[in-house]
Amino acid sequence: MSDNISIKVTSCPLKLEDCYAFVEDPSCGGISVFVGTVRNQTKGKDVKRLDFSAYEPMAIKEMKKIAEESLAKFEISKIAIHHAIGKLSIKDIPVIIAVSSAHRKDAFRACEYAIDTLKETVPIWKKEHFESGEVWVNSHP
Amino acid sequence: MSDNISIKVTSCPLKLEDCYAFVEDPSCGGISVFVGTVRNQTKGKDVKRLDFSAYEPMAIKEMKKIAEESLAKFEISKIAIHHAIGKLSIKDIPVIIAVSSAHRKDAFRACEYAIDTLKETVPIWKKEHFESGEVWVNSHP
Amino acid sequence: MNITVLAFGILSDLLENDSIQLTLEKQMSVSDFKQYLIKNFSKLNGYSNFSIAINEAYASDDILLNENDVVALIPPVSGG
Amino acid sequence: MNITVLAFGILSDLLENDSIQLTLEKQMSVSDFKQYLIKNFSKLNGYSNFSIAINEAYASDDILLNENDVVALIPPVSGG
C-alpha cells in the first residue's frame, strides 16, 4: 500500500479519528470527509439492523483502485477508504472516506467521486432486516 | 439557536467529534464534513503560524444565516459550523463544517455551500506570520 | 476444466452455498457461462442480474474462463 | 450625530485602534461615510477596500447612518 492510501475492510467499528489522522498533512488546507450512517428507514419501512458482507480480497482491490484513480484525477494528498462488514445497528458507520488536499475543491470532488464509485463497483452487499423479514438491497430477481 | 444548528466561535481547539455528534441522527444516511487546516505554505513561503480575529457577534450572526440558508436550500437534517480564533499552528483547525442528510448529495452540496459562503461573508480575519514578517490575508491596500 | 465458483449476496442465499467446485466440459466465455449457470442451477430461479469476476477482477462477457479460475458471481453491489 | 466606529483586521492596524467614537456634523449615507473616513483619517493611507456593517449587519452604500449606530469597518474577510 502506498503512503498516501489507507484501505480497510473490517468487522470492528470504524473510527473517524483514524481516517482523519491518516489524511492530515502539513501541506493540506482542507480535508473532506464522508461518513455513511445506517438510517432507521428505507422507503418508509423501519430498519432494525443491517448486515454487510464482502468479497473481501476483491473489495480491497477495488477500493485501492478507487483511491489510485482519485489521486490521479484530482489534486489531492492522501485518501482513506474504510468499510465495515458484519452486523450494524442504526447510527453505526458502514463507510468513511477522508481526503486531504491543498485546496478544498479537489478534496470535495475526490471524496464524492470515491463514495459514488464505491457504491457502483466494490463487491460489498447489504441485507436490511425489517420487523417483517429481510431484503438484499438492490437485488430484485 | 434552533435544534438543528450548532454555531461556535471559540479560542479553544475545535473538536471533530463534537461536530459529528451534533449532526448525527437516526434518519440520516450520510454526513459530509469539511475540516480546514493550517497549511505550512502560502505561495511558496513558509508559514510559521496564523492569527484569527473576529467581529464575534456579527460572525455568529452571519454563520447562523449560512446555516439557515443551507437548511432552506438543501434537503439536510442538521448543520454545525465551528470556527476557531486566536493563534493557530500548522495542522491546527480553523474551521469545521458538518452536515447530515438522508441522502448524501445534499450533504455534500450544503457543506460546500457553507464553507464557500463562510469564506465570503463571515467577518473573520487571518494574519499569516512568516519568518520575514506578517500579512493580513486578502488585504492588499 | 475445473473452476471454483463463489457466490455472494442474494446468490449465496439462492444457491444455498458460498462456494461450488465445477467441472466444465469445454472452455466457455463469461456470457456462455452465465447462460450455463441459469440453465443448470434451478435454484437460481432465473435470476440473471449479476456480473462475473475472474480471480478477483471484473470480467467482460467475451473473456474466456481457464482451468483453476476462481469465478465469482457478483449481484448488484450495495456497499457504502 | 454620535456613532461608534469599530475597526477590524488590517484597518485596526492602520488606524492603530479597534474602536473610535465619532461625532458627525450631518447624517450620511454609507458611501458618504466611507469617503469621509478616507479623507479625514490619513492613517488609512488611502485604503478603501472595505465594507461597512451597521449594528452587526452588512449595509449597502445608500443606507443612512443614525444616532448611536455601531459602524464596523470590514476589510475583505479571510476566515475558514
Side-chain angles (χ1 to χ4, degrees), chain B residues 7-10 14 34-39 42 47 50-66 81-86 88 92-97 111-128 133-141, chain D residues 3-22 30-31 33-80:
Chain B
I7 301 294
K8 204 185 251 186
V9 173
T10 174
L14 300 187
F34 176 76
V35 182
T37 52
V38 175
R39 292 179 64 192
T42 294
V47 174
L50 296 185
D51 234 315
F52 283 91
S53 55
Y55 182 14
E56 211 171 310
M58 183 173 163
I60 289 169
K61 283 183 185 174
E62 290 292 326
M63 288 159 76
K64 194 169 172 231
K65 198 191 286 181
I66 293 170
I81 307 179
H82 292 189
H83 205 295
I85 52 176
L88 272 72
D92 283 352
I93 299 178
V95 64
I96 301 178
I97 297 178
C111 191
E112 199 165 8
Y113 169 80
I115 182 65
D116 287 353
T117 310
L118 181 148
K119 283 174 178 271
E120 282 170 12
T121 65
V122 176
I124 294 179
W125 297 271
K126 176 160 64 179
K127 197 182 223 177
E128 291 178 328
E134 49 194 53
V135 172
W136 285 105
V137 176
N138 286 354
S139 293
H140 310 288
Chain D
I3 61 170
T4 301
V5 176
L6 304 179
F8 294 96
I10 194 170
L11 289 166
S12 68
D13 280 6
L14 290 174
L15 292 170
E16 295 166 0
N17 228 324
D18 292 344
S19 174
I20 304 169
Q21 300 298 321
L22 274 189
V30 163
S31 77
F33 179 66
K34 281 184 70 170
Q35 294 312 311
Y36 167 89
L37 283 174
I38 294 163
K39 195 178 287 178
N40 289 278
F41 288 81
S42 58
K43 284 175 178 170
L44 282 180
N45 200 15
Y47 188 94
S48 61
N49 186 19
F50 59 90
S51 302
I52 298 284
I54 300 177
N55 304 328
E56 304 173 3
Y58 285 107
S60 53
D61 277 353
D62 53 334
I63 300 286
L64 296 178
L65 303 193
N66 289 304
E67 177 75 19
N68 294 327
D69 274 352
V70 176
V71 180
L73 315 186
I74 311 272
V77 303
S78 49

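In what follows, chains are A, B, ... by sequence order, proteins preceding strands, each numbered from 1.
The parts of D/Y58 that come within reach of chain B are both its backbone and its side chain, each placing non-hydrogen atoms under 4.5 angstrom from that chain. Residue contact with chain D, scored on non-hydrogen atoms closer than 4.5 Å, is absent for B/K65. In this structure, chain D has a heavy atom under 4.5 Å from the backbone of B/E120, while its side chain stays farther away. With a 4.5 angstrom heavy-atom cutoff, B/A54 touches chain D only via backbone atoms. Looking at D/L14, there are no atoms closer than 4.5 Å to chain B (heavy atoms on both sides), in backbone or side chain.
Interface summary for chain D: among B/V137, B/I124, B/V122, the most heavy-atom pairs under 4.5 angstrom belong to B/I124. Your options are B/P57, B/G36, B/A84, B/S53, and the one with the most heavy-atom pairs under 4.5 Å with chain D is B/P57. Of the listed residues B/L50, B/N138, B/V95, the one with more heavy-atom pairs under 4.5 angstrom with chain D than any other is B/N138.
One distance of note links OH of B/Y55 with CG of D/D18; it measures 12.0 Å at 0.5 Å rounding.
Of all the heavy atoms in B/M58 and D/I74, the pair that sits closest is SD-CD1, 4.2 Å. Taking every heavy atom of both residues into account, D/V77 and B/K119 meet most closely at CG2-O, 3.4 Å. Of all heavy-atom pairs between B/F52 and D/S78, the closest is CE2-O, 4.0 Å.
By the 4.5 Å heavy-atom criterion applied to side chains, D/P75 and B/W136 are not counted as neighbours.
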